Amino acid sequence: MPKPRVAVLISGRGSNMEALIKAARAPGYSAEIALVISNTAEAPGLEIARGLGVEALAISAKPYGKDREAHERAIDAVLVERGIAIVCLAGYMRILTPYLVGRWAGRMLNIHPSLLPAYPGLDTHGRALAAGEPEHGCTVHLVTEVMDDGPVLAQATVPVLPGDDEDALAARVLEQEHRIYPAALAELARKIHLPEGGAKP
Ligand code: GAR
């Protein structure tokens, strides 16, 4: 049985991407990480992916100016050409238009560093600390048109400890991100029905 081919979209360091690539090396894993795309050539994650033997491309948003959908069409063309079946957003810091979300509905995941629906958006750790939350965490969810929203596939909770600063809390959450994202992807990949004759959608 061919495994669904997965693309990971990043914008930066790519530690979740790395966790996905390494998890998918296990023989029984239900998906193949086949492609990494960044919206900027400067993303350190691109080199990490190449070092792990995964094709990694930068598709810069700059030539498209304010036309976000045109940038997404360029990304989508590559996803289709490479036979991608599932897209994982992993620190991909661009707000998507309804075009790309609609194209990948039910097959696009995101990881977010909070216990959604709490703290969508940026600075999640700082806001959780400022609010005096006893617990914080991370969420893997299906992507819908609303940012950091959509059906939850997995969550992990961590305690907020006395003396925590943003870095300490972020590190505790990130450890859990690296655990739940590969698990949630594996579960979705097992449910995906590939078209007859291969993995091309
Ligand atoms: C991760 O903490 C991820 O949850 C967050 O960006 C970081 C990327 O780190 N994503 C969001 O905030 C999306 N709303 P990474 O590049 O090392 O995976």
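Indexing begins at 1, ligand by ligand and atom by atom, following the structure's order. Every value quoted in this text rests on a predicted model; they were computed, and no experiment measured them.
- Listed by first and then second residue, the side-chain hydrogen bond (donor to acceptor under 3.5 Å, both in side chains) pairs involving residues 10-19 are Ser11-Asn39, Ser15-His178, Asn16-Glu177, Glu18-Lys22 (not counting sequence neighbours).
- Shortest contact from atom 14 (N) of ligand 1 to any protein heavy atom: His112 ND1, 3.0 Å.
- Separating the CD1 atom in Ile59 from the OG1 atom in Thr40 is a distance of 12.5 Å, to the nearest 0.5 Å.
- The shortest N or O to N or O distance between Glu177 and ligand 1 is below 3.5 Å.
- Here Arg179 does not pair with Glu175 in a salt bridge; the nearest charged N to carboxylate O distance is not below 4.0 Å.
- Interface of Asp148 with ligand 1, defined as ligand atoms under 4.0 Å from a residue heavy atom, comprises 14 (N).
- With ligand atoms numbered from 1 in the order given, ligand 1 contributes 15 (P), 16 (O), 17 (O), 18 (O) to contacts under 4.0 Å with heavy atoms of Ser15.
- Protein heavy atom closest to atom 5 (C) of ligand 1, with residue, atom name and distance, is Pro113 CD, 3.7 Å.
- At least one heavy atom of Met93 sits under 4.0 Å from some atom of ligand 1.
- Of the protein's non-hydrogen atoms, Gly91 CA, 3.8 Å is the one closest to atom 6 (O) of ligand 1.
- Of the protein's non-hydrogen atoms, Arg13 NH2, 3.2 Å is the one closest to atom 9 (O) of ligand 1.
- With respect to the salt-bridge test (charged N to carboxylate O, under 4.0 angstrom), the residues Glu187 and Arg190 do not qualify.
- What sits closest to atom 10 (N) of ligand 1 on the protein, heavy atoms only, is Ile111 O, 3.6 Å.
- Two rings, from His112 and His141, have their centers 6.0 Å or more apart.
- Residues satisfying the side chain to side chain contact (heavy atoms under 4.5 Å, CB included) test with Arg172, not counting sequence neighbours, are Val158, Pro159, Leu161, Asp164, Leu169.
- We find that Glu72 and Arg103 are not joined by a salt bridge, their nearest charged nitrogen and carboxylate oxygen being 4.0 Å or further apart.
- Of the N or O atoms in Gly14, one or more lie within a sub-3.5 Å distance of an N or O in ligand 1.
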